[in-house]
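Nothing fancy with the numbering, it's 1 onward along the sequence. Both backbone and side-chain heavy atoms feed into the values below; hydrogens, waters and symmetry mates do not.
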Amino acid sequence: EPGSFHRPVHQVIFAALLELQKNGKDIDEIIIAEYLQSTDQLEEIGGLPALYQLTSRIETTAHAAYWMQIVREKHVMRILIRTATSVIDRAYSSPPDMDAFLGEVEQEILNVNQDQTNQGVRPIKESMDKAMQLVGRLISKEATEGVATGFLDLDKYTHGLQPSEMIVLAARPSMGKTSLAMNIAEEVIFSAAKEGGGQGVLVFSLEMGATQLATRLLCGRARVDMQALRNGFASKTEQGKLAKTAKELVDAPLWIDDSAAMGIHEMRAKARRRHSKNPLKLVVIDYLQLIMGSDPRTPREQQIAEISRGTKSMAKELDVPVLVLSQLNRDSEKEKRDPRLSDLRESGSIEQDADVVLLLGRKRDEAFGAEQNAAATNDLIVPIKLILAKNRNGPTGALDLNFHKQYTRFESAKKTFAN
């Protein structure tokens with residue numbers, strides 16, 4: 001690009017070359033001179049002698065690729081120098097929020113490394129080409145558009161979890177938010193393994209420890225009663241299933257960060273580093289209200305709004321879906337009704353920033369028949385309603401799930417869980 005050149009004169013000449021190329025014209029010294037003359041830039045670059053001097057120095061284009069690499073490297077070094085100088089100046093000014101400052105610095109350095117300084121603005125042609133490819137896949141029904149959750153009914157509504165989208169899964173405490181999120185994570189990592197893509201899942205667990213989460217995932221996939229296991233009971237068959245599942249999971253592309261008291265800037269930095277080393281297909285955050293705000297002096301509602309915006313920015317920056325768990329207030333329980341968007345706790349900004357909002361609620365007796373009533377009375381199976389309360393790019397609706405308490409595992413009431 002023109003800015004890759006150090007001398008302003010060379011920037012002007014290269015910009016003119018790009019413009020002529022875009023218009024499909026052949027280029028030589030005379031044509032470029034005429035173009036620069038028409039734009040009143042010929043004298044600015046030193047006139048015809050300057051152009052002839054440039055072309056007379058090039059006897060062959062055999063080394064063009066090597067020369068372009070030199071220009072690119074020198075350009076990156078100049079950006080790095082400017083970035084480092086800016087960081088030093090800001091460091092001396094004692095930034096008030098260290099986590100935010102470190103996150104900004106890391107992003108700036110990453111931009112230099114990945115040559116992303118001017119990739120924010122794209123012509124519509126790029127997006128339209130991708131859109132038409134997507135339309136073709138949807139028409140031919142080749143595959144789910146986004147990241148499949150394993151719940152076929154849900155994927156019909158959302159076409160999978162979409163890259164760059166923030167998906168909120170909200171419920172009252174002990175409704176199974178973490179279990180459902182880990183069921184989806186499990187589906188993603190094993191689907192990626194089958195496809196051979198090597199993409200994985202990063203889980204930020206601010207509520208549960210990594211060992212607890214791993215144990216839950218192990219027992220759920222092996223379908224072993226975790227409560228019985230806690231009491232020291234496991235048959236030989238179950239022990240074999242646990243060993244087999246552990247072997248499957250030990251090399252799975254799943255990373256768990258159970259650091260306490262994390263802020264959104266630190267979280268974004270960690271996700272950025274992991275994504276640069278191992279491409280991610282999904283990020284899970286459990287849960288939003290436990291993320292620390294950058295300034296504890298501000299009202300909590302403002303902190304949650306900042307965290308929500310940061311979560312959405314993370315999804316766009318990494319171009320992966322971010323599934324963030326959230327708490328609901330008590331209104332739905334007090335009023336004995338299904339949860340709704342307005343029940344999202346502490347801030348309406350979560351509702352605004354989210355692309356998809358999923359709400360977990362208990363099914364009511366009058367809503368299901370005798371067979372499901374029997375299931376409801378069974379301590380091991382709990383009928384749950386999953387409400388798709390917001391879907392920015394599709395319809396809303398609800399679907400029925402069964403929560404198997406002994407496995408801490410959700411399945412579709414229609415047995416459409418893909419495993």
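- Ionic pairing of D286 and K177 is not present here: no N-O contact between side-chain nitrogen and carboxylate oxygen is shorter than 4.0 angstrom.
- With sequence neighbours left out, Y35 forms a ring pair (Phe, Tyr, Trp, His ring centres under 6.0 Å) with no residue at all.
- Under the 4.5 Å side-chain criterion, counting only non-hydrogen atoms from C-beta, R72 is not in contact with M68.
- A donor atom on one side chain and an acceptor atom on the other are not found under 3.5 Å apart for S179 and R409.
- A donor-acceptor pair shorter than 3.5 Å can be found between the side chains of S326 and Q289.
- When only modelled atom types and interatomic distance are considered, T396 and N391 share no side-chain donor-acceptor pair under 3.5 Å.
- E187 has no carboxylate O lying under 4.0 Å from a charged side-chain N of K281, or vice versa, which leaves the two without a salt bridge.
- For F5, the ring pair (Phe, Tyr, Trp, His ring centres under 6.0 Å) partners two or more places apart in sequence, or in a different chain, are F14.
- Within the 4.5 Å cutoff, the side chain of D257 has heavy atoms near those of the K270 side chain.
- The main-chain N or O of S38 is never found under 3.5 Å from a side-chain atom of Q41 such that the two would form a donor-acceptor pair.
- In summary, the side chains of R90 and S86 do present a donor paired with an acceptor at a separation below 3.5 Å, with no hydrogens or angles considered.
- For the residue pair Q302 and E306, no side-chain donor N or O sits within less than 3.5 Å of a side-chain acceptor on the partner.
- Inter-residue side-chain proximity for L288 and L325 is flagged as unmet; no heavy-atom pair is nearer than 4.5 Å.
- Ionic pairing of D400 and K385 is not present here: no N-O contact between side-chain nitrogen and carboxylate oxygen is shorter than 4.0 angstrom.
- Both tests do not hold together for R362 against F403: distance to the six-membered ring centre under 6.0 Å, angle to the ring axis within 45°.
- The salt bridge (charged side-chain N to carboxylate O under 4.0 Å, His left out) test applied to D258 returns no partner, not counting sequence neighbours.
- Looking at every heavy atom in both residues, E165 comes nearest to K312 through CA-NZ, 3.9 Å.
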